[in-house]
Protein chains: 2
Amino acid sequence: MVTDVQERLDEFVKACKSIGLKITPQRLAVYEVLLRRTDHPTVEEVYEEVRKLYPFVSLATVYRTVETLEELGFISKVPYWGGSARYDANTSHHHHLICTVCGAIADVDLNINWEPPAYMKGYQVHRFSINIYGVCPKCQNSKT
Amino acid sequence: MVTDVQERLDEFVKACKSIGLKITPQRLAVYEVLLRRTDHPTVEEVYEEVRKLYPFVSLATVYRTVETLEELGFISKVPYWGGSARYDANTSHHHHLICTVCGAIADVDLNINWEPPAYMKGYQVHRFSINIYGVCPKCQNSKT
DNA sequence: TTGCATGCAAAGGATTTGCACTATC
DNA sequence: GATAGTGCAAATCCTTTGCATGCAA
């Protein structure tokens with residue numbers, strides 16, 4: 001599932017060096033947590049997990065790091081409106097399955113033979129992503 | 001573009017009556033504003049516009065009404081993460097073009113010959129929507 | 001050493017909620 | 001007249017920011 005966490009971390013370190021960002025344990029820890037989780041955690045959830053290793057980190061730092069990672073293109077926000085932002089370290093072209101009951105989000109690869117045109121309604125198009133809404137197995141079972 | 005505002009309002013009134021919700025000018029005004037706008041306004045923007053007609057309404061009521069409308073399926077949140085939630089009264093199957101610079105959102109109809117399977121990864125699938133990211137005409141021009 | 005990054009706490013913005021009052025049914 | 005809906009203001013939740021200190025380069 002997660003392709004070479006270490007390799008991705010190395011890339012991140014390289015990127016930081018090349019643009020003059022310092023390599024701090026906090027930054028690495030935040031990215032590593034995101035790499036190891038495929039459930040699109042919130043900043044709060046990342047924070048909880050980073051804290052297990054580095055109890056001194058602050059939420060603000062996690063927010064700042066996540067913003068940096070996003071700007072560098074290492075992670076992205078899941079395009080869905082819930083209570084708080086959810087992040088995804090999977091940068092390959094993929095889509096999301098979203099449970100409309102509990103909000104769980106899973107990645108899906110789809111072989112869709114469709115590419116958006118370069119321009120639509122005057123917009124210069126860069127990429128697209130698909131949200132598929134449904135009910136996850138857990139929520140199907142808990143129906144009474 | 002907007003298909004029969006009055007007709008849709010009537011449907012809403014009918015729905016309210018059938019489930020015992022009261023018909024108040026605030027509710028109608030909020031829905032009407034949403035029906036007449038195709039630019040996916042925020043709650044704040046809806047509020048500003050409703051206020052022109054009914055200067056006494058409160059933001060809280062707009063929030064509550066928008067929530068009701070969403071639960072009844074008359075409007076939906078645009079699945080994109082920006083500063084605040086944006087709503088859409090277009091309930092036909094359509095997709096969104098999103099400007100990554102200014103956040104503008106436009107509706108698009110796509111003829112995609114793809115239907116999601118009934119089940120994916122155990123999720124029972126209901127519907128899907130596509131976000132297409134790019135740069136809107138306005139932002140293309142303002143590049144220096 | 002030289003900043004950039006961090007931690008802390010306070011600020012800010014969006015949204016929700018409690019309560020008394022009002023208006024629809 | 002009963003009750004759901006509203007307005008107001010306070011509360012809450014999520015996120016950002018200012019500032020002094022600490023650490024990577």
Side-chain angles (χ1 to χ4, degrees), chain A residues 9 12-31 33-34 40-48 50-51 53-72 74-87 103, chain B residues 9 12-34 40-48 50-72 74-87 103:
Chain A
L9 282 171
F12 176 50
V13 169
K14 213 180 297 173
C16 286
K17 284 183 180 165
S18 78
I19 57 174
L21 294 179
K22 293 179 177 169
I23 319 294
T24 66
Q26 290 90 332
R27 281 196 175 138
L28 292 177
V30 167
Y31 188 34
V33 166
L34 252 353
H40 315 82
T42 61
V43 173
E44 190 77 34
E45 288 165 343
V46 173
Y47 170 64
E48 298 296 350
V50 171
R51 265 192 155 227
L53 288 170
Y54 305 95
F56 50 84
V57 294
S58 79
L59 226 204
T61 296
V62 179
Y63 270 102
R64 282 187 275 231
T65 304
V66 139
E67 198 188 337
T68 305
L69 283 164
E70 193 181 11
E71 282 167 5
L72 297 183
F74 285 92
I75 64 173
S76 56
K77 276 185 186 138
V78 179
Y80 175 65
W81 214 286
S84 34
R86 295 179 165 278
Y87 287 89
Chain B
L9 282 172
F12 176 50
V13 169
K14 213 179 299 174
C16 285
K17 284 183 180 164
S18 78
I19 57 175
L21 294 179
K22 292 179 179 169
I23 318 294
T24 66
Q26 290 91 329
R27 279 194 177 141
L28 293 177
V30 167
Y31 187 35
E32 185 167 354
V33 166
L34 252 354
H40 314 83
T42 61
V43 173
E44 189 78 34
E45 289 166 342
V46 173
Y47 170 64
E48 298 296 350
V50 170
R51 269 195 151 220
K52 290 178 190 165
L53 288 171
Y54 304 94
F56 49 85
V57 294
S58 79
L59 227 204
T61 296
V62 180
Y63 270 101
R64 281 187 277 231
T65 303
V66 138
E67 197 188 337
T68 304
L69 283 164
E70 193 181 10
E71 281 166 5
L72 297 183
F74 285 92
I75 65 173
S76 57
K77 276 185 185 138
V78 179
Y80 176 66
W81 215 285
S84 34
R86 296 180 164 278
Y87 288 88

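Chain naming here is simple, since letters A, B, ... match the order of the sequence lines and numbering starts at 1 in each.
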Separation of [X] atom [atom1] from [N] atom [atom2], in whole Å?
X     : N      : atom1 : atom2 : result
A/F56 : C/dG7  : CZ    : C1'   : 11 Å
B/L59 : C/dT17 : CG    : C1'   : 14 Å
A/E67 : D/dC14 : CD    : P     : 18 Å
A/L28 : D/dA24 : CG    : C1'   : 12 Å
B/E71 : C/dT16 : CD    : C1'   : 13 Å
B/E44 : C/dG12 : CD    : P     : 17 Å
A/L69 : C/dA5  : CG    : P     : 12 Å
B/R27 : D/dG5  : CZ    : C1'   : 6 Å

Any donor-acceptor pair under 3.5 Å from [X] side chain to [Y] backbone:
X     : Y     : result
B/R86 : B/V78 : no
B/R27 : B/F12 : no
A/E45 : A/T42 : yes

Return no unless some side-chain N or O of [X] is found under 4.0 Å from OP1 or OP2 of [N].
X     : N      : value
B/T24 : D/dT6  : yes
B/T61 : D/dT6  : no
A/Y63 : D/dT15 : yes

Just say parallel, tilted or perpendicular for the rings of B/F74 and B/Y31, cut-offs at 30° and 60°.
perpendicular
Give one of base, sugar-phosphate or nothing for [X], where a contact means two heavy atoms less than 4.0 Å apart.
X     : result
B/R64 : base
A/Q26 : sugar-phosphate
B/G20 : nothing

5'-most contact on DNA chain C (nearest-nucleotide basis), B/I23 vs B/G83, goes to B/G83
Measuring from A/E67:CD to A/L72:CG, what's the distance to the nearest 0.5 Å?
10.5 Å
Of the candidates D/dT15, C/dG7, C/dT15, the side chain of A/V57 sits closest to C/dG7
Decide yes or no, distance alone: a donor-acceptor N/O pair under 3.5 angstrom between the base of C/dC25 and the side-chain of B/K22.
no
Take B/W81 and B/A60, find for each the nucleotide of DNA chain D with the closest heavy atom, and name the residue whose nucleotide sits nearer the 5' end.
B/A60
